Asks: 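There's a structure below that I have some questions on.
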Protein chains: 2
Amino acid sequence: MSHFPCAKEIDAKEVLKEKGLKSTPQRLAVLHVLHESTKYLSINDILDKTKELLPNTGLATIYRTLDVLAEIGLITRVHFEDGCHTYAYSSDSHGHHIVCTTCNKIMDFAECPFDDYLENLSIKTGFKIKNHFLQLFGECNECAGSAS
Amino acid sequence: MSHFPCAKEIDAKEVLKEKGLKSTPQRLAVLHVLHESTKYLSINDILDKTKELLPNTGLATIYRTLDVLAEIGLITRVHFEDGCHTYAYSSDSHGHHIVCTTCNKIMDFAECPFDDYLENLSIKTGFKIKNHFLQLFGECNECAGSAS
DNA sequence: ATTATAATTGAGAAAGTTTCTCAATTGGGT
DNA sequence: ACCCAATTGAGAAACTTTCTCAATTATAAT
């Protein structure tokens with residue numbers, strides 16, 4: 001089938017294979033779409049952009065594919081304070097995200113210096129903390145630059 | 001109308017008044033329900049528990065009320081990795097949450113020692129960070145205690 | 001207390017979103 | 001090239017959220 005010349009395509013195929021999942025054009029296309037975009041994409045945006053690559057793609061496939069890709073860590077859900085979540089490509093499976101509240105640009109960053117803090121909090125609260133979810137909202141430099 | 005003897009009821013009335021919003025029994029009841037519960041509550045859970053206090057409450061009112069209460073900071077949305085969000089009472093408008101992945105208990109904590117880190121990241125990424133959202137997942141001591 | 005009025009509510013309809021079903025197709029191993 | 005389990009597309013079904021509007025009600029003014 002057709003190719004989406006994405007730097008991560010080979011990695012993705014590897015990961016899919018490891019998990020016993022097929023590398024279908026649909027899965028690679030969705031991944032490509034998310035990887036290309038620096039902005040928030042709704043489900044329909046993802047469907048539309050995927051259809052540019054694979055015109056017959058169905059909506060159910062998008063839902064299924066996003067679930068699969070999130071499950072294996074190739075993408076991450078991004079939550080908004082209102083409304084609900086969308087998905088973004090993660091360069092690192094532990095990636096956190098910064099979201100621009102003006103243009104919806106999403107940038108991921110892997111740094112996570114919270115380990116000491118979390119250990120502390122773990123003792124205080126009695127929770128055995130397994131996972132955390134940090135997301136920042138703000139304005140990217142381009143949006144902050146334009147008149148407010 | 002009836003009373004829900006909640007420690008925060010007076011505060012809530014104050015806040016609602018400040019914002020020019022009415023203190024309706026529905027709003028106080030929903031707040032009471034969230035305040036009582038230490039666990040994740042779905043929309044229908046919230047509706048059911050609210051109906052125990054006010055039997056005629058409609059679903060649309062729950063949605064509207066949650067929006068209003070979140071807007072003014074009396075409650076906070078809680079997101080889950082899969083599925084979507086729910087709401088929890090916040091003792092502090094800057095409250096973060098810890099969620100038990102076994103029993104769904106939600107505990108809020110106000111501590112937030114990230115300011116230095118965020119300033120740093122702000123410089124690095126060019127984002128003017130306005131808001132952040134931290135949520136921890138783990139096991140509470142009770143659940144961790146029981147056999148796994 | 002009574003009244004006026006704008007905000008809020010309940011109920012069901014409408015709109016929107018997500019999941020399910022199943023026959024057809026296809027990726028990947030042999 | 002073949003086989004088989006995994007995956008897909010399409011539409012139906014289920015579920016969730018928002019909208020509409022007449023009736024109700026909290027609050028402020030009288």
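A, B, ... follow the sequence lines: proteins, then strands. Residue 1 opens every chain. These numbers come from the heavy atoms of this one structure, side chains and all, not from hydrogens, waters or symmetry mates. None of the values given here were measured: they were computed from a predicted structure.
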Asks: How many Å lie between CG on N44(A) and P on dT17(C), as a whole number?
Replies: 7 Å
Asks: From CD of E18(B) over to C1' of dT27(D), roughly how many Å is that when rounded to an integer?
Replies: 17 Å
Asks: Return no unless some side-chain N or O of Y63(B) is found under 4.0 Å from OP1 or OP2 of dT17(D).
Replies: yes
Asks: Would you mind reading off the distance between L66(B) atom CG and dT18(D) atom C1', rounded to a whole angstrom?
Replies: 14 Å
Asks: Can you measure D67(A) atom CG to dT17(C) atom C1' for me and round it to whole angstrom units?
Replies: 13 Å
Asks: State whether the number of non-hydrogen atoms from other residues, nucleotides or ligands found under 6.0 Å of K130(A) atom NZ is greater than 12.
Replies: yes
Asks: Run the ring pair (Phe, Tyr, Trp, His ring centres under 6.0 Å) test against F127(A) and tell me which residues pass, sequence neighbours left out.
Replies: none
Asks: Give me the atom names and distance for the closest heavy-atom approach of C100(B) to C140(B).
Replies: SG-N, 3.3 Å
Asks: Could you tell me whether the side chain of L34(A) reaches within less than 4.5 Å of the side chain of L66(A), counting heavy atoms only?
Replies: yes
Asks: Should L41(A) and Y87(A) count as side-chain neighbours, where that means a heavy-atom distance under 4.5 Å?
Replies: no
Asks: Rounded to whole Å, how long is the line connecting atom NZ of K17(B) with atom P of dA6(C)?
Replies: 19 Å
Asks: Given the rule in the salt bridge (charged side-chain N to carboxylate O under 4.0 Å, His left out) test, do E142(B) and K105(B) qualify, once you have shown the distances and angles that lead to the verdict?
Replies: CA-CA 10 Å; E142(B) 284 143 41; K105(B) 184 184 294 166; 3.0 Å; yes
Asks: Given the rule in the side chain to side chain contact (heavy atoms under 4.5 Å, CB included) test, do H32(A) and E36(A) qualify, once you have shown the distances and angles that lead to the verdict?
Replies: CA-CA 6 Å; H32(A) 180 75; E36(A) 285 287 283; 3.7 Å; yes
Asks: Take atom OH of Y87(B) and atom C1' of dT17(D), then tell me their distance rounded to the nearest Å.
Replies: 10 Å
Asks: In whole Å, what is the span from the NZ atom of K19(B) to the P atom of dA7(C)?
Replies: 17 Å
Asks: Estimate the overall bend of the helix from dA1(C)-dT30(D) to dT30(C)-dA1(D) from the end axes over five pairs each, rounded to 10 degrees.
Replies: 50°
Asks: Find out whether V30(A) and T61(A) are in side-chain contact, i.e. whether some heavy atom of one side chain is under 4.5 Å from a heavy atom of the other.
Replies: no
Asks: Which nucleotides of nucleotides 5-11 of chain D have their base under 4.0 Å from a protein heavy atom (B), which only their sugar-phosphate (S), and which neither (-), written as one string 5' to 3'?
Replies: BBSBBBB
Asks: Starting from C1' on dT19(C), measure out to CD1 on I43(A) and report it in whole angstrom.
Replies: 12 Å
Asks: Compare all side-chain heavy atoms of N44(B) with those of L47(B) and state whether any distance is below 4.5 angstrom.
Replies: yes
